[in-house]
Amino acid sequence: YNGIPKAAWYALCLLRRLGDTLIGRGEGWFLTRQDGDYQLMLYNYKHYSDLYADCESFDMTPTDRYTPFGGRQRRDFEICIGNAPEGDWLVSEYSVSRAAGSSFDKWVEMGAQPLAGAEEAELLKSLSRPMMNKYVLHSGKDGLTVNALLDMLEIRLILLKKK
């Protein structure tokens, strides 16, 4: 709508950055590898309630679409890549959540009113980009450990490149 990417579009963009070799997976994560680098995808999926699926009424409004999911449960991850070579790794994180990458949530923050022209549409588009964070982690003899705390319905791609 108005050329503004939605959270699902950004999620697909992140998925395209995964490597071609699956290294491991678990509840809420999977790890790939390509050209000596690692790509870790984390997700905190929460399915909507059975009552919502049965079309029972909820106190949803046009600006509050999250009631069928219950409370905002966060999820803590600690993923160890045991065979990662020792040394420093450049970490690049990209996250799509209610706080970043969701044009709906940014529109609600802006007052949930119809957009008045191209300038407001461009502003919403720029505010709705995924979060990006960069830092360095050190890998020791026990491998490389990545820690992350995700909000409900958040997805995060963590790219790990040996320095």
Side-chain angles (χ1 to χ4, degrees), residues 1-49 52 64-110 121-163:
Y1 185 71
N2 288 328
I4 302 168
K6 306 301 178 266
W9 186 83
Y10 284 125
L12 291 172
C13 289
L14 295 182
L15 286 170
R16 288 188 66 210
R17 298 186 70 181
L18 292 171
D20 54 10
T21 304
L22 179 66
I23 301 297
R25 65 180 177 202
E27 183 65 35
W29 66 274
F30 52 95
L31 178 68
T32 64
R33 185 165 189 172
Q34 187 163 339
D35 301 326
D37 299 333
Y38 294 99
Q39 304 81 34
L40 176 62
M41 179 63 79
L42 305 174
Y43 55 95
N44 185 5
Y45 177 76
K46 170 124 189 217
H47 199 69
Y48 50 80
S49 73
Y52 179 76
D64 184 2
R65 296 294 190 191
Y66 296 101
T67 55
F69 297 101
R72 295 181 89 178
Q73 295 113 356
R74 299 176 101 189
R75 181 149 188 208
D76 202 4
F77 289 90
E78 181 175 281
I79 308 294
C80 183
I81 305 169
N83 58 348
E86 288 187 50
D88 289 335
W89 290 79
L90 178 63
V91 181
S92 301
E93 292 185 345
Y94 301 88
S95 176
V96 176
S97 66
R98 291 180 69 179
S102 169
S103 56
F104 171 76
D105 289 294
K106 291 301 176 186
W107 174 74
V108 170
E109 285 178 22
M110 290 172 60
E122 281 302 313
L123 177 61
L124 179 56
K125 186 177 182 178
S126 69
L127 293 172
S128 302
R129 308 258 319 152
M131 178 278 301
M132 183 187 141
N133 188 30
K134 287 188 152 194
Y135 55 93
V136 174
L137 280 178
H138 184 75
S139 175
K141 292 178 184 172
D142 295 330
L144 180 63
T145 301
V146 178
N147 293 292
L149 180 63
L150 272 65
D151 285 327
M152 181 182 74
L153 303 177
E154 179 179 352
I155 64 164
R156 189 174 304 175
L157 174 65
I158 301 174
L159 303 176
L160 302 135
K161 184 173 188 61
K162 185 80 167 75
K163 287 185 80 169

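- Here CD1 of Ile155 is found 11.0 Å from OH of Tyr43. Values are rounded to the nearest 0.5 Å.
- When every heavy atom of Ser102 is checked against every heavy atom of Ser97, the shortest pair comes out as CB-O, 3.4 Å.
- With values rounded to the nearest 0.5 angstrom, Phe30 atom CZ is found 5.0 Å from Leu18 atom CG.
- Counting only distance, with no hydrogens or angles, the side chain of Thr32 and the backbone of Gly19 share a donor-acceptor pair below 3.5 Å.
- For the residue pair Arg33 and Asp20, the shortest heavy atom distance occurs at O-OD1, 3.3 Å.
- The side-chain heavy atoms of Tyr94 and Leu159, taken from C-beta on, include a pair separated by under 4.5 Å.
- Around atom NZ of Lys161, no more than 12 heavy atoms belonging to other residues, nucleotides or ligands sit under 6.0 Å away.
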Glu122 and Ile4: side chain to side chain contact (heavy atoms under 4.5 Å, CB included), yes or no, with the steps?
CA-CA 8 Å; Glu122 281 302 313; Ile4 302 168; over 6 Å; no
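- Taking both residues in full, the closest heavy atoms of Leu31 and Leu22 are given as O-CD1, 3.4 Å, listed atom of the first, atom of the second, then distance.
- Of the inter-residue distances, the one linking Arg16 atom CZ with Cys13 atom SG reads 7.0 Å to the nearest 0.5 angstrom.
- Considering every non-hydrogen atom in both Asp105 and Arg98, the closest pair reads CB-O, 3.3 Å.
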query: What's the verdict on side chain to side chain contact (heavy atoms under 4.5 Å, CB included) for Ser95 and Glu154, showing C-alpha distance, side-chain angles and the deciding distance?
result: CA-CA 7 Å; Ser95 176; Glu154 179 179 352; 2.5 Å; yes
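- Side-chain atoms of Lys162 come within 3.5 Å of backbone N or O of Glu86 as a donor-acceptor pair.
- For the ring pair (Phe, Tyr, Trp, His ring centres under 6.0 Å) test, residues two or more places apart in sequence or in another chain that qualify with Trp89 are Tyr38.
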In residues 134-147, what donor-acceptor pairs under 3.5 Å come from side-chain atoms, sequence neighbours left out?
unit_1	atom_1	unit_2	atom_2	d
Tyr135	OH	Glu93	OE2	2.7
His138	ND1	Gly87	O	3.4
His138	ND1	Asp88	OD1	3.0
Ser139	OG	Ala84	O	3.4
Ser139	OG	Pro85	O	3.2
Ser139	OG	Gly143	O	3.4

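- Taking each heavy atom of Arg156 and Ala148 in turn, the nearest pair found is NH1-CB, 3.6 Å.
- To the nearest 0.5 Å, the span separating CG on Leu12 from NZ on Lys6 amounts to 13.5 Å.
- The CG atom of Leu40 lies 11.5 Å from the CD1 atom of Ile23; values are rounded to the nearest 0.5 Å.
- Between Val96 and Ala11, the shortest heavy-atom contact is CG2-N, 4.5 Å.
- A donor-acceptor contact shorter than 3.5 Å is absent between the side chain of Arg75 and the backbone of Tyr45.
- Cation-pi geometry between Arg129 and Tyr10 is not satisfied (NZ or CZ under 6.0 Å from the ring centre, within 45° of the ring normal).
- A 4.5 Å side-chain heavy-atom check between Leu15 and Leu157 finds every atom pair outside the cut-off.
- Taking 4.5 Å as the limit, some side-chain heavy atom of Met41 sits within range of a side-chain heavy atom of Leu14.
- Contact check for Lys46 versus Gln73: side-chain heavy atoms found under the 4.5 Å cut-off.
- Under the 3.5 Å distance criterion, the side-chain polar atoms of Asn44 are matched with a main-chain donor or acceptor of Asp151.
- No side-chain heavy atom of Leu160 sits under 4.5 Å from any side-chain heavy atom of Asp37.
- Considering CD1 of Ile79 and CZ of Arg25, their distance stands at 13.5 Å, rounded to 0.5 Å.
- In this structure, a donor-acceptor pair under 3.5 Å is absent between the side chains of Thr21 and Gln34.
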